[in-house]
Amino acid sequence: PHAGPVDSKNEAAMSELVPEPRQKPVVPMKPMGINTSLLGYIGIDTIIEQMRKKTMKTGFDFNIMVVGQSGLGKSTLVNTLFKSQVSRKSSGWNREEKIPKTVEIKAIGHVIEEGGVKMKLTVIDTPGFGDQINNENCWEPIEKYINEQYEKFLKEEVNIARKKRIPDTRVHCCLYFISPTGHSLRPLDLEFMKHLSKVVNIIPVIAKADTMTLEEKTEFKQRVRKELEVNGIEFYPQKEFDEDLEDKTENDKIRQESMPFAVVGSDKEYQVNGKRVLGRKTPWGIIEVENLNHCEFALLRDFVIRTHLQDLKEVTHNIHYETYRAKRLNDNGGLPPMTAETEENHESNL
Amino acid sequence: QNVGCRTLSLSAHVGFDSLPDQLIRKSIKHGFCFNILCIGETGIGKSALVSSLFNTDFEDSPSTHFLSSVRLRAQTFELQESNVLLKLTVVKTVGFGDQMNKADSYQPIVDYVDAQFEAYLEEELKVIRSLFSYHDTRIHVCLYFISPTGRSLKTIDLLTMRSLDSKVNIIPVIGKADSISKTELQEFKKKIMSELTSNGIRIYQFPTDDETFSEINTITNGYLPFAVVGSMEKVKIGNKMVRARQYPWGIVKVENENHCDTIKLRRMLCTNMEDLKEKTRAYYESYRRCRLEKLGCRDIGPENKPVSLQEVIEAKRLEFCLEVERKEEEIWQRFVQRVKEKAAMLEEAEQQASVLTEFEHLTLMHQEEELKLGEEKKLLEDEKAQFVEKKAVTESIQSQVSVSSPVSLKTQGLRKVS
């Protein structure tokens, strides 16, 4: 349905009123006299408060997956990140027994609140990864799980009568735990990251970093970065998704210097210099988890939670999900996997 | 393997309370957009009001009264306030209410609103889409200008508003309200609201569910429809230039809330932008539902089994593909036919051409023969001339010799001729 001829004076109007490219502010700027002739206060900027109110009311979802061989401290790290018992640890089960025969996917959801902001956090654990005798293709159940979440979302999105807010179970971030061998990445690490970096945001993390000295750490990190580059593995934040110069500078620094983060996790507190800190006690000293001189946990936490959480979600939604959707709608004309019934119908159509 | 959610308490500061800020930072980078539709008769003050609302001078030339049908004109502007960049699109009707027969006046407007929904739906249904960078042109609010007659709504007002109230947020305003006195205005407003209610026309109500705003919004809802005055000109009052209309009997200040409701309208538009956009999304969802159902898509198929939209799209796609194949075949056949025809034509031409060359060839031969014969003829004539000469000489010699010996001359003459 078309309206009568619509005159669009977009080009002319915009070129009259926007002679300068838009600046990218981080700090609120003084009212620009140039590309507006707004004299006096209108109130357009109240939209920020409206947005804030709305998001506080609806809350946020965040789904984080942890992948790595058992014993690398995944659960501890997640608990340290979110300062609560989000991951039920090995204290529940006997470490010697329950290594699963295949890779299992366990998703547990929690609701946490801070400063009026409600978050539904889902931690997806992958026990059994890398623990078998033969680990070939052990990333497959994980890739399958991730694609299943995209599929779920797609099905909802494609409904005629849709929910106002589609429940988001897609994996926003996958922390991959690298063993602190000090040498190089294992074939399993490379295979996993090569396959999965195409469907999900991967953040490689060097686990149990307290087994390396500072020099060993720096060297190992450099080697890991090099190996990832050589193998064409794009971990988050991916270079191609940097939106502007500001992003690029910030992310370049993270990609080329800080990552992969060498972390130590702990949920025990000790007294150090009169303060209670999270740490690991050893005969030769207390490793303070949140001390940047000791390990990079604080960097990881700030990166994932305090600065890039929203971006992780947006990259998942705007890029990974869209890629999945486009493939799905093109492949096989977008039919869901054939069941006997649909096959019959299909034949009769032809 | 999802375990039900439990609420956990945090033992220390995690830091995700910065999430709203992260989201806001991204939104600011991305910019905001807002689309207003102004419906009103020519000359009722649409451009003046929009200029006054956003305190900018939107360039616009006044339009004629003699258009044969209603048209819409859209203009986009970029406004900035502190760090908020707003892409504002103002769509105005042109020629509304000018025609002799106004029965169809609302149709182009409805079509326009639908067209924006359709454009969004199209983008959403694409295989490779870029919703994130898509410039959303769906109308977020419609300002309907009521003529300041002081009596009641006109039929065209009711018709138009009714055709739009399920597609867009309608805020009725009384244009050029400075022509009505305060007392008349109150009565007029009451009459309008009761007419709207009795005709079942839904207009936008400012949300009253949030405690912070519920009181002020309830009060504002009581001011509807807004009696607005707009002005492109500024008048010097004291030492400031103020938007106003200067009459011999006084000055109507646009931004004075005692004089008119323009500021109220501005405030309400700005502080409820998010809500207006959300309600627009809900209108879009119902448009989408109707549209897809019309296309034959269902969520639940026969025997109540859920049907995936994809299956329907695939079935239609197959249909379409077969159609395309058929058409391709048709076109191919036509092409083959044409080729054949052309080939036949060429052959004919060739044949004719070969006939021609045959003719030319014969002509040439004929000419050659003619030449040869000509030459031979010449030769023979030369010989004949020689013979005649010889004959003349021989006869003269014969006449001399007939006096001497007859035999030897005869042999001489004979010899000469052969």
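In this text, all values refer to a predicted model and were calculated from it rather than measured experimentally. Reminder, nothing fancy here: chain letters follow the sequence lines and each chain counts from 1. Values below: all heavy atoms of this structure, side chains included; hydrogens, waters and symmetry mates excluded.
In terms of non-hydrogen atom pairs under 4.5 Å with chain B, the most contact-rich of A:Glu49, A:Lys53, A:His317, A:Arg301 is A:Lys53. Between chain A and the options B:Leu19, B:Thr271, B:Val84, the largest number of non-hydrogen pairs under 4.5 Å is found for B:Leu19. The choice from B:His13, B:Lys126, B:Glu274, B:Gln22 that makes the most heavy-atom pairs within less than 4.5 Å of chain A is B:Gln22. No other option in A:Ile112, A:Leu278, A:Thr80, A:Ile48 has as many heavy-atom pairs under 4.5 Å with chain B as A:Ile112. Of the listed residues A:Ile124, A:Ile305, A:Leu121, the one with more heavy-atom pairs under 4.5 angstrom with chain B than any other is A:Ile305. Among the candidates B:Ala12, B:Ser130, B:Ser286, B:Ser69, the residue making the largest number of heavy-atom pairs closer than 4.5 Å to chain A is B:Ala12.
Only the side chain of A:Phe60 comes within less than 4.5 Å of a heavy atom in chain B; its backbone stays farther off. Of the atoms belonging to B:Arg129, heavy atoms from both backbone and side chain fall under 4.5 Å from chain A. Using a 4.5 Å cut-off between heavy atoms, A:Lys120 touches chain B through its side chain atoms alone. Only the backbone of B:Leu53 comes within contact range of chain A, with heavy atoms under 4.5 Å apart. With a 4.5 angstrom heavy-atom cutoff, A:His308 touches chain B only via backbone atoms. Contact of A:Leu81 with chain B is made through the backbone alone, with heavy-atom distances under 4.5 Å. Contacts between A:Asn318 and chain B at a heavy-atom distance below 4.5 Å involve the side chain alone, from C-beta outward. The contact between A:Asp311 and chain B is made by backbone and side chain atoms together, counting heavy-atom distances below 4.5 Å.
No more than 12 heavy atoms of other residues, nucleotides or ligands sit less than 6.0 Å from atom NZ of A:Lys118. The neighbour count for A:Asp302 CG, taken as heavy atoms of other residues, nucleotides or ligands under 6.0 Å away, is above 12.
Ion pair A:Glu246/B:Lys26 not flagged as a salt bridge, since none of the NZ, NE, NH1 or NH2 atoms sits closer than 4.0 Å to an Asp/Glu carboxylate oxygen. Ion pair B:Glu278/A:Lys54 flagged as a salt bridge, since at least one NZ, NE, NH1 or NH2 atom sits closer than 4.0 Å to an Asp/Glu carboxylate oxygen.
Looking only at distances, no side-chain donor or acceptor of A:Arg306 sits under 3.5 Å from a matching main-chain atom of B:Ser18. For the pair B:Glu81 (side chain) and A:Ile42 (backbone), a donor-acceptor distance under 3.5 Å is present. Between the side chain of A:Ser84 and the backbone N or O of B:Leu8, no donor-acceptor pair lies under 3.5 Å. In terms of modelled atom types and a separation under 3.5 Å, the side chain of B:Glu285 and the main chain of A:Lys164 share no donor-acceptor contact. A:Glu114 places a side-chain N or O within 3.5 Å of a backbone atom of B:Val14 that can act as its donor or acceptor partner.
Between B:Arg289 and A:Ile160 the shortest heavy-atom distance is CG-CG2, 3.2 Å. Listed here is the closest heavy atom pair of B:Val127 and A:Arg325: O-NH1, 3.1 Å. Minimum heavy-atom separation, B:Asn272 to A:Gln50: C-OE1, 3.7 Å. Closest non-hydrogen pair, B:Leu10 versus A:Glu113, comes out as CD1-O, 3.5 Å.
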Item to check | Steps toward salt bridge (charged side-chain N to carboxylate O under 4.0 Å, His left out) verdict (B:Glu124, A:Arg162) | outcome: CA-CA 14 Å; B:Glu124 223 195 351; A:Arg162 305 198 276 210; 2.9 Å; yes
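For the pair A:Gln310/B:Phe16, no side-chain contact is recorded, criterion being any heavy-atom separation below 4.5 Å from C-beta on. Between B:Phe34 and A:Ile44 the shortest side-chain heavy-atom distance does not fall below 4.5 Å.
How far OG1 of A:Thr55 is from CG of B:Leu23: 5.5 Å, rounded to the nearest 0.5 Å. Rounded to the nearest 0.5 angstrom, A:Glu322 CD and B:Phe132 CZ are separated by 11.5 Å. Taking CG of A:Asp45 as the reference point, atom CG of B:Leu85 lies at 12.5 Å (rounded to 0.5 Å). Atom CD1 in A:Ile47 sits 9.0 Å away from atom SG in B:Cys270 (nearest 0.5 Å).
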